[in-house]
Amino acid sequence: MSLLPLSFYLRNDVVEIARDLLGKYLITNIDGVYTSGIITETEAYAGISDRASHAFNNRRTARNEIMYSKGGCAYVYLCYGMHYLFNIVTNEIDIPHAVLIRGIKPVEGIEQMKVRTNKIHNSKNLSNGPGKLTKALGIDMKQNGVSLFNSSIKIEDRKLKINAKEIKVGKRIGVDYAKEDALLPYRFMIEI
DNA sequence: CGGCCGATCCACT
DNA sequence: GTGGATCGGCCGA
């Protein structure tokens, strides 16, 4: 198994990390169910200077506290009162960078993902969206703050090659309130 | 303490 | 393309 090393998450450039996460495997083992998928869409949230980030202007609350911990752990929060969104915390302690995982392609445990998402029949669109993939993978607030090295969630590099030219770049979704920062090219996608 | 609204998704039209 | 679901965080009074 080739777990991504801690050094991967401690780098300064969270935008680069978001790009590099494409093609990596997100794996969960929650409630006795093993599921995995290839990361196909990410967004970078660049800390205290990024108006779209929960940690903009060094805002520090019970909700986003985990963003200020050392990279390599999960930041999960409830969005719109009904969806759990999964982020990977990056950079050193007290630097609140994070990467939102917006899409995965299911690989292992697909039948269980269908059950979790109430999609017994159409196996398509199980996990193409930040709220949907957490449901498919079984992620909820219990995983907020967990390490990606010794717990129910991990990221592996299985040496899937992603060519730079396959990567689509765009602005982030749902962050119009962030004014000029809403236009930053911090969203990355691949078609698999 | 009240009210607004969000890093979304789905069912409808 | 639009609106409803649904609730915790956040801000202002």
Side-chain angles (χ1 to χ4, degrees), chain A residues 9 13-22 24 26 28 35 37 39-69 71 73-91 95-106 113-146 148 153 155 167-190:
Chain A
Y9 304 104
D13 188 347
V14 68
V15 177
E16 179 180 274
I17 295 173
R19 196 187 307 118
D20 290 347
L21 279 167
L22 294 174
K24 302 299 187 289
L26 172 57
T28 64
T35 51
I39 296 173
T40 57
E41 183 173 346
T42 62
E43 281 179 1
Y45 285 85
I48 64 175
S49 61
D50 179 358
R51 301 186 91 93
S53 171
H54 291 164
F56 173 63
N57 208 16
N58 221 32
R59 186 146 49 99
R60 200 161 181 150
T61 66
R63 176 176 67 156
N64 71 8
E65 181 61 31
I66 203 70
M67 295 182 81
Y68 289 82
S69 52
C73 64
Y75 170 42
V76 182
Y77 71 94
L78 181 65
C79 189
Y80 292 103
M82 57 185 75
H83 301 294
Y84 298 108
L85 270 55
F86 170 70
N87 299 253
I88 295 171
V89 176
T90 72
N91 218 310
I95 302 179
H97 288 181
V99 176
L100 171 66
I101 305 301
R102 291 192 58 89
I104 64 165
K105 178 187 180 180
M113 293 193 204
K114 290 185 193 175
V115 171
R116 281 171 169 162
T117 54
N118 304 313
K119 292 204 160 56
I120 304 300
H121 301 296
N122 54 330
S123 63
K124 215 60 182 167
N125 301 333
L126 278 179
S127 55
N128 59 332
K132 287 198 276 187
L133 73 89
T134 55
K135 193 166 185 188
L137 296 175
I139 296 172
D140 62 22
M141 291 309 293
K142 288 194 292 292
Q143 276 74 44
N144 187 32
V146 300
L148 300 179
I153 306 178
I155 314 283
I167 300 177
K168 288 186 168 48
V169 183
K171 66 187 171 88
R172 292 171 293 185
I173 301 295
V175 296
D176 290 343
Y177 60 87
K179 301 181 179 177
E180 67 275 15
D181 288 346
L183 301 175
L184 293 169
Y186 283 4
R187 179 183 180 214
F188 302 95
M189 290 168 287
I190 51 174

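FYI, side chains are in, hydrogens and waters are out, and symmetry mates aren't considered; it's all heavy atoms of this structure. We name chains A, B, ... by the order of the sequence lines, and we start the count at 1 in each one.
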In the structure I gave you, are the side-chain heavy atoms of Glu65(A) and Tyr75(A) within less than 4.5 Å of one another anywhere?
no
N/O (side chain, [X]) to phosphate O (OP1/OP2, [N]) under 4.0 Å:
{"X": "Ser53(A)", "N": "dA7(B)", "value": "no"}
{"X": "Lys119(A)", "N": "dC10(B)", "value": "yes"}
{"X": "Tyr77(A)", "N": "dG6(B)", "value": "no"}
{"X": "Lys132(A)", "N": "dC10(B)", "value": "yes"}
{"X": "Arg63(A)", "N": "dG8(C)", "value": "no"}

P spacing across the pair dC5(B) / dG3(C), given as an integer number of angstrom:
16 Å
Tyr177(A) aromatic ring stacked with six-membered ring of dG6(B), 5.5 Å and 30°
no
Choosing from dA7(B), dG8(C), dT8(B), which nucleotide comes nearest the side chain of Tyr80(A)?
dT8(B)
Given dC10(C), dA7(B), dC9(B), which nucleotide is nearest the side-chain atoms of Thr61(A)?
dC10(C)
What's the [atom1]-[atom2] distance between [X] and [N], to the nearest Å?
{"X": "Arg102(A)", "N": "dG6(B)", "atom1": "CZ", "atom2": "C1'", "result": "13 Å"}
{"X": "Asn144(A)", "N": "dG9(C)", "atom1": "CG", "atom2": "P", "result": "11 Å"}
{"X": "Arg59(A)", "N": "dA7(B)", "atom1": "CZ", "atom2": "P", "result": "9 Å"}
{"X": "Asn64(A)", "N": "dG6(B)", "atom1": "CG", "atom2": "P", "result": "17 Å"}
{"X": "Leu85(A)", "N": "dG9(C)", "atom1": "CG", "atom2": "P", "result": "15 Å"}
{"X": "His83(A)", "N": "dT6(C)", "atom1": "NE2", "atom2": "C1'", "result": "9 Å"}
{"X": "Glu65(A)", "N": "dC10(C)", "atom1": "CD", "atom2": "C1'", "result": "16 Å"}
{"X": "Lys135(A)", "N": "dC9(B)", "atom1": "NZ", "atom2": "C1'", "result": "10 Å"}

Can you tell me how far apart [atom1] ([X]) and [atom2] ([Y]) are? Round to the nearest 0.5 Å.
{"X": "Asn144(A)", "Y": "Phe86(A)", "atom1": "CG", "atom2": "CZ", "result": "10.5 Å"}
{"X": "Asp50(A)", "Y": "His97(A)", "atom1": "CG", "atom2": "NE2", "result": "8.5 Å"}
{"X": "Ile17(A)", "Y": "Asn91(A)", "atom1": "CD1", "atom2": "CG", "result": "7.0 Å"}

Assign Gly131(A) to base, sugar-phosphate, or nothing according to its heavy-atom contacts below 4.0 angstrom with the strands shown.
sugar-phosphate
Taking a pair as Watson-Crick or G-U wobble with both distances under 3.5 Å, which nucleotide is matched to dC4(B)?
dG9(C)
Taking atom NZ of Lys105(A) as the centre, does the number of heavy atoms from other residues, nucleotides or ligands within less than 6.0 Å exceed 12?
no
